[in-house]
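Lettering follows sequence order; numbering is per chain, from 1.
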Number of protein chains: 2
Amino acid sequence: MKADHSYAELITRSGEAATLASCSALLGWDEQTYMPHAGAEHRGRQMAALAGLHHEKATHPRIGELLGELEGSDLTADPESVSAVNVRELRRNFDRLTRLPRRLVEELARVTSIGQQEWVEARRLKDFGVLRPTLETIFALKRDEAACLRIGDDPYDSLLDEYEPGARGDALARLFGALRDGLVPIVAEILGAGRPSSSTVLNRDYPVDRQRIFGEAIAVAVGFDFRRGRLDTTAHPFCTMIGPGDCRITTRFDPRDLGDGVFGILHEVGHGLYDQGLDPAHFGTPMGEAVSLGVHESQSRLWENLVGRGRAFWSYAFPMARQVFHDVLHDVDADEFHRAVNLVEPSLVRVRADEVTYNLHVIIRFELERALLAGDLDVSELCGAWDDAYASVLGLRPPDDALGCLQDIHWSAGLVGYFPTYTLGNLYAAQLFDRFVADEGDPSGAFARGDFDPLLAWLRDRVHRHGRRYPPAQLIERATGSPLDHRPFLAALARKYGPLYGVRLAPAP
Amino acid sequence: MKADHSYAELITRSGEAATLASCSALLGWDEQTYMPHAGAEHRGRQMAALAGLHHEKATHPRIGELLGELEGSDLTADPESVSAVNVRELRRNFDRLTRLPRRLVEELARVTSIGQQEWVEARRLKDFGVLRPTLETIFALKRDEAACLRIGDDPYDSLLDEYEPGARGDALARLFGALRDGLVPIVAEILGAGRPSSSTVLNRDYPVDRQRIFGEAIAVAVGFDFRRGRLDTTAHPFCTMIGPGDCRITTRFDPRDLGDGVFGILHEVGHGLYDQGLDPAHFGTPMGEAVSLGVHESQSRLWENLVGRGRAFWSYAFPMARQVFHDVLHDVDADEFHRAVNLVEPSLVRVRADEVTYNLHVIIRFELERALLAGDLDVSELCGAWDDAYASVLGLRPPDDALGCLQDIHWSAGLVGYFPTYTLGNLYAAQLFDRFVADEGDPSGAFARGDFDPLLAWLRDRVHRHGRRYPPAQLIERATGSPLDHRPFLAALARKYGPLYGVRLAPAP
């Protein structure tokens with residue numbers, strides 16, 4: 001009885017903190033979508049106030065007492081029970097938050113706020129020097145953070161663990177090395193085949209209002225529930241869950257690039273389907289939360305790439321695209337359109353990279369941020385190291401810092417250890433999709449009819465409904481029958497791009 | 001020195017509470033504009049959490065201590081100084097909030113939340129019976145609230161004082177009686193003149209996208225700053241200030257009623273100009289707040305009616321309207337359009353009432369709510385009393401409850417004592433506008449050129465910048481040179497509607 005009461009109080013406290021966090025989520029969404037420019041300063045004060053109150057609630061000593069009472073009680077005897085999972089994960093959050101001294105948290109908030117403003121200015125001036133001193137401070141503070149957290153074998157693990165619980169830097173380094181070894185010959189073969197004639201099909205005039213109609217139609221088709229969500233436009237697209245019944249995706253439209261809008265929407269819809277698939281009865285507790293950034297990204301990349309850049313999807317969607325954009329596509333057929341959405345071309349900018357070269361961008365960042373954190377690379381040497389890595393890996397040298405090491409906001413915002421989750425998402429997605437096909441058979445016929453329900457139902461069952469019940473590695477292994485592995489991803493590339501480019505791509509080693 | 005420190009702490013605490021309230025304001029705005037339907041339940045939890053935290057901050061015992069230290073100190077010696085005003089008004093808020101037992105506050109929140117849902121349902125079914133039991137509870141709780149507050153001579157004063165500090169029920173009853181005596185013969189004369197031929201000009205096909213263009217153009221013209229604000233659509237238009245630099249107005253568009261959109265926008269813009277005219281340096285303190293609902297309404301009604309329904313305004317705006325709506329207005333000229341926007345016609349619904357009959361709707365509600373609160377009228381008798389009042393005052397009997405006593409949400413939301421501020425706003429507006437003309441001369445030429453800057457500058461100087469420095473009655477008397485008076489309003493009606501309807505309207509008694 002005592003444990004039941006303690007558990008009820010713990011869940012109430014967890015819900016209160018989550019409700020405050022959800023207020024911040026709405027304010028953050030508004031800041032990126034509708035807030036008037038002059039509202040920024042006050043929005044900063046609002047966000048800081050809510051963050052402070054949230055921190056107070058989430059680190060309340062009473063939570064530590066309750067966790068102590070519950071650990072070892074009957075409620076945690078079955079480690080997969082709802083109560084055991086919630087206690088385990090709330091302990092993880094509580095320890096992480098209470099190990100960080102308040103002064104460090106506040107200093108990080110202050111410095112990364114400055115860092116993000118300087119990042120905007122540095123990009124404008126194409127001058128990394130504007131950001132450099134603050135970025136040095138940020139990496140020093142992140143080293144302090146890692147020292148307080150003491151997770152894994154090296155400081156990087158402490159940071160990585162926040163985004164991908166249980167992941168470790170050394171293991172990722174080996175995995176990513178093997179992935180790169182597999183990617184390099186694939187890229188070389190594809191580029192050897194020459195640039196296809198379809199390469200400019202997406203860069204015609206696509207009116208934004210029609211793009212919105214088309215985008216909403218495909219979002220509905222794949223299962224995004226607009227009664228429980230919205231789509232708005234923003235500069236840097238994202239998906240945010242405000243609460244049960246309120247999941248918001250954003251996109252941007254470029255009237256000269258259909259890919260930006262369509263694949264941006266499919267990507268964010270993938271995130272949104274995960275959020276909409278979490279159990280609303282568990283909202284406010286770990287059982288109702290997404291398990292990791294890597295698994296979240298697996299959902300967005302699965303719908304964006306494995307569904308949205310597949311031939312079957314365009315059997316369904318291309319006739320609709322021709323109707324919506326009529327004369328713009330009069331000289332194109334579904335096969336050519338499918339080739340156009342799968343153009344492979346080494347480039348300088350990660351967020352616009354194709355499916356084949358994308359992970360090379362991530363691996364460059366992963367290696368640089370590990371070296372920066374370990375002190376093997378100095379922030380003053382970052383630009384040179386970045387440019388050299390691009391020249392060596394992708395054969396391109398950035399013409400300026402804005403197209404080089406200033407292109408992503410992450411480090412200036414203190415997000416160190418975040419990049420690898422993008423590649424984990426790609427690898428998880430390939431494993432999940434393979435398993436879905438193995439379980440349910442070839443989905444091409446259904447996809448070509450616009451029927452994506454079997455895939456969504458499978459993902460709901462294997463991934464979404466579990467919240468944080470299993471750590472991410474275990475969730476993926478349970479869902480797919482195999483541990484994390486780079487080969488399914490490479491094999492999928494070989495299967496798809498070999499025929500598309502008329503080249504022989506060796507199966508993954 | 002001690003007092004300086006205490007004052008600084010008081011202002012910090014006031015700012016923290018205001019920041020939390022501003023988060024609620026954004027969540028409320030979102031609820032009425034963009035929130036997906038299924039997000040309503042969680043939104044209720046978010047609002048309750050923020051309200052609870054705000055109440056905790058605003059009633060913190062330390063505030064009482066600080067106020068005690070400051071009252072009688074040098075900082076309050078000059079009663080018009082910023083510090084004295086803030087101490088006086090924070091005392092007023094603190095006493096009001098701490099006099100109400102938490103149980104009563106929570107019970108009112110709970111019951112009025114149910115009341116508003118039942119109100120929607122009762123309107124749908126056109127059956128007051130659905131709401132009646134809860135409305136009885138609400139009036140009983142409001143009596144308890146008044147008994148705790150103990151302001152003025154009778155329970156109604158305690159409630160009224162929240163919305164219009166210093167206003168008293170008995171004085172309003174006398175004022176409103178005189179106003180009604182003046183209005184009745186004006187209405188009779190106008191109706192005797194017959195319905196003008198222009199009466200349907202606003203009820204043509206006005207495409208919503210063009211209405212938005214036109215509405216934004218006039219909002220900019222009168223001075224609304226879109227860098228520091230927004231315009232969105234909603235079911236029940238309102239204006240909300242999120243913080244300095246972020247003031248949001250809302251409207252609704254009816255493709256068959258241009259008046260709904262245009263005058264709705266001018267009305268909310270009037271509110272917005274007040275909010276945008278408050279001193280941002282005082283945000284979070286009484287010196288940075290609007291002084292009362294009545295004064296707020298004076299700003300919206302001044303821009304909506306005294307500017308927006310004036311002939312000079314349409315000298316400027318009608319050519320633009322003809323351009324935006326081209327062929328729709330091909331057979332109309334500015335004079336006829338001006339007559340159309342000043343159609344007088346007794347009606348059943350307050351929010352659509354014309355400028356002449358509007359206050360009669362308010363007076364009916366004022367008398368009914370006073371009688372309900374005093375126990376002279378039972379909630380079970382409300383519908384009958386409402387219908388009789390409409391028949392007697394406006395010559396119309398509601399065909400059902402939805403068009404009768406269920407048309408306003410206020411009582412079901414616990415807003416008792418709120419209605420009279422609408423009429424106070426109309427009276428203040430007439431006094432302010434007269435004084436502006438006396439000070440600055442006839443503005444018709446400037447208005448006809450689309451130059452509204454002199455009026456806005458005058459209002460900024462006389463009203464907006466003062467925040468809560470003066471109680472509303474004193475603010476109006478200082479701004480206009482005269483105490484609150486119904487005669488300027490009646491005189492303005494006589495000056496305008498006499499020529500418009502070709503009747504002789506007696507000057508106000």
Side-chain angles (χ1 to χ4, degrees), chain A residues 12-13 15-31 33-54 56-57 209 224-232 240-250 272 276 280 283-284 288, chain B residues 12 15-31 33-54 56-57 209 224-232 240-250 272 276 280-281 283-284 288:
Chain A
T12 299
R13 287 179 176 273
E16 287 171 359
T19 297
L20 272 181
S22 75
C23 295
S24 299
L26 184 78
L27 267 67
W29 169 85
D30 180 74
E31 185 172 348
T33 51
Y34 294 115
M35 185 186 76
H37 187 68
E41 193 185 326
H42 183 63
R43 183 55 43 88
R45 279 194 294 270
Q46 293 176 306
M47 295 296 270
L50 291 177
L53 288 166
H54 177 266
E56 218 175 288
K57 283 219 181 278
D209 58 338
F224 187 76
D225 182 351
F226 277 95
R227 288 164 308 181
R228 299 190 291 142
R230 298 187 44 83
L231 168 64
D232 298 274
T240 186
M241 192 191 180
I242 311 296
D246 193 350
C247 169
R248 306 192 182 188
I249 59 174
T250 59
Q276 290 190 333
F283 179 82
Chain B
T12 300
E16 288 171 359
T19 297
L20 272 180
S22 76
C23 295
S24 299
L26 184 79
L27 268 67
W29 170 84
D30 180 75
E31 185 172 349
T33 51
Y34 294 115
M35 185 185 75
H37 187 69
E41 194 184 327
H42 182 63
R43 182 56 43 88
R45 279 194 294 270
Q46 292 175 307
M47 295 296 269
L50 290 177
L53 287 167
H54 178 267
E56 219 174 287
K57 283 220 180 277
D209 57 339
F224 187 77
D225 182 352
F226 278 97
R227 288 163 307 181
R228 299 190 291 142
R230 298 187 45 83
L231 167 65
D232 299 274
T240 186
M241 193 194 181
I242 310 297
D246 193 351
C247 169
R248 306 191 182 190
I249 59 173
T250 60
Q276 290 190 332
F283 180 81

Please flag which part of A/Arg45 lies under 4.5 Å from any non-hydrogen atom of chain B: side chain, backbone, both or neither.
-> both
A/His54 versus A/Ser24, side-chain donor and acceptor atoms under 3.5 Å = no
By side chain to side chain contact (heavy atoms under 4.5 Å, CB included) - contacts of A/Arg228 (at least two apart) | A/Asp225, A/Gln276, B/Ala38
Counting heavy-atom pairs under 4.5 angstrom with chain A, the leader among B/Glu16, B/Arg230, B/His37, B/Glu41 is B/Arg230
What part of B/Met47 is in contact with chain A, defined as an atom under 4.5 angstrom from a non-hydrogen atom: side chain, backbone, both or neither?
-> neither
Select one option (side chain, backbone, both, neither) describing which atoms of B/Phe283 are under 4.5 Å from chain A's heavy atoms.
-> side chain
Who wins among A/Ala49, A/Pro244, A/Gly243, A/Pro280 for the most heavy-atom pairs under 4.5 Å with chain B?
-> A/Pro244
Under a 4.5 Å heavy-atom cutoff, which of A/Thr19, A/Leu20, A/Asp30, A/Asp246 has the most pairs with chain B?
-> A/Asp30
May I ask you to decide if B/Leu27's main-chain N or O and B/Arg43's side chain share a donor-acceptor pair within less than 3.5 Å?
-> yes
Report yes if some heavy atom in the side chain of A/Thr33 is under 4.5 Å from a heavy atom in the side chain of A/Arg248; otherwise report no.
-> no
Looking at side-chain heavy atoms only, is the closest gap between B/Leu26 and B/Thr240 below 4.5 Å?
-> no
